[in-house]
There are 2 protein chains.
Amino acid sequence: MDGARWLDDDEQRTWRAFLWTSRLLNEALDRQLQQDAGMPHAYYMILAMLSESPGRTLAMSELARTVCSSPSRLSHAVKRLEERGWVRRAKHPEDRRTTLAELTDEGFAVLAAAAPGHVEAVRRHLFDPLTRAESAHLRDLLFTLLAGLADDPSAPAPPQPERSRRRRSPEEP
Amino acid sequence: MDGARWLDDDEQRTWRAFLWTSRLLNEALDRQLQQDAGMPHAYYMILAMLSESPGRTLAMSELARTVCSSPSRLSHAVKRLEERGWVRRAKHPEDRRTTLAELTDEGFAVLAAAAPGHVEAVRRHLFDPLTRAESAHLRDLLFTLLAGLADDPSAPAPPQPERSRRRRSPEEP
DNA sequence: CCCTAATAGTTGAACGCTCAACTTTGGAGG
DNA sequence: CCTCCAAAGTTGAGCGTTCAACTATTAGGG
């Protein structure tokens, strides 16, 4: 317990502030969308990203990247969305491994109906309390953190290849 | 869809950066604790808050406030923690509505074993990428947002009393 | 005093997410 | 070619969270 530097009071407050803010913001958004549109925020993001894509269509893996989701979570989510008729799935004609997800007209209508309330909630909770300069600064700080989080070695990476594609370090025989 | 101001590109980026950062950070911390200590981050927080309380004991409602949790979530969580022998529950002797949650010795040991790895993960993901001044600025921005989120009228509040304790506004008869 | 309302907490069902298999398809090297 | 491995998705079980009841206890106002 002594090898690692502990968090001092300032760091403690910063860390808790981050946790609380992210939790409260996520809960507020989830509640708003669940009540007004009958879907969780993660589902809204999927519909939104599809609506911004050419042909309102995206491969599952690309969609997973753009909504920052695991393949499994996305697969489950799209299955639900398909059951509601908001998304349609089809096999890619040239690479039959990939599945294409397409936003249906009904899905687009639901998204369009949900968007104003959602945007208003984001504005009220995130942007109204901050000045223009403050939100710009916040963005910069978050980008800095994202850079560190993006190449996290502890992330669920594809299983380490036994002996290949791994730069031999000087310590190894 | 025209009454509400849309998000411009800068706001869009800020908003997505917030979502991604909070999601990636939460996932990283959850993974670390799940793998190294066999519990999710929410459970760790409960043990940590209890350990810092006088007598390692707290009423459920106070505990819920300090870990920023709903009563229901906390109740379920403490039930699991009690099943593992990390927490003990007892009725308050003077107000028999309230339940006191107490951290057991075994729970304290588990917490002590988990803490260093957890702190190291927080440090790596949140503080190492930022200068001292940057993290102070981040804290200030988060506090500003928290102030707005704290008194959110859309929060799951106790159901509005029909006719009492509600300042009569001039518009009402 | 009694009746009402507020406070504190618990419970079960529904739902979303994680993790670890598993299937299928496409490439690459021998 | 044929084998092997990587890429792309899907599935089912287990778990945590939410939401809406529901119980129990205390405090307040006629």
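All values derive from a computational prediction rather than experimental measurement. All chains are named by letter (A, B, ...) in the order of the sequence lines, taking the proteins before the strands, and each is independently numbered beginning at 1.
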Check: What's the closest nucleotide to the A/Arg97 side chain, out of C/dG9, D/dT26, C/dT25?
Finding: C/dT25
Notebook entry, point to check: When all nucleic acid strands are considered with a 4.0 Å heavy-atom cut-off, which category describes A/Glu62: base, sugar-phosphate, or nothing?
Noted result: nothing
Check: Relative to each other, are the rings of A/Phe18 and B/Phe18 parallel, tilted or perpendicular (30° and 60° limits)?
Finding: parallel
Check: Which atoms form the tightest heavy-atom contact between B/His118 and B/Gln32, and what is the distance?
Finding: CA-OE1, 3.4 Å
Next item on the list: Flag yes if A/Val67 and A/Leu100 sit in one hydrophobic cluster, no otherwise; membership is Ile, Leu, Val, Met, Phe, Trp, Tyr, and two members link when side-chain heavy atoms are under 4.5 Å apart.
Entry: no
Whole-Å gap separating [atom2] ([N]) and [atom1] ([X]):
X: B/Arg96; N: C/dA6; atom1: CZ; atom2: P; result: 23 Å
X: A/Leu33; N: D/dT18; atom1: CG; atom2: P; result: 15 Å
X: B/Glu94; N: D/dA27; atom1: CD; atom2: C1'; result: 16 Å
X: A/Glu82; N: D/dT11; atom1: CD; atom2: P; result: 10 Å
X: A/Asp95; N: C/dT23; atom1: CG; atom2: P; result: 20 Å

Checklist line | Atom CG of A/Asp8: over 12 foreign heavy atoms under 6.0 Å | finding: yes
Next item on the list: Mark up nucleotides 10-21 of chain C, 5' to 3', with B wherever a protein heavy atom is under 4.0 angstrom from a base atom, S wherever such an atom reaches only the sugar-phosphate, and - elsewhere.
Entry: BBB---SSBB--
Notebook entry, point to check: Hey, does the Lys NZ or Arg CZ of A/Arg80 hover above the aromatic six-ring of A/Tyr43, less than 6.0 Å from the centre and inside 45° of the axis?
Noted result: no
Note to self: Between A/Leu25 and B/Leu19, is there a side-chain heavy-atom distance shorter than 4.5 Å?
What the structure shows: no
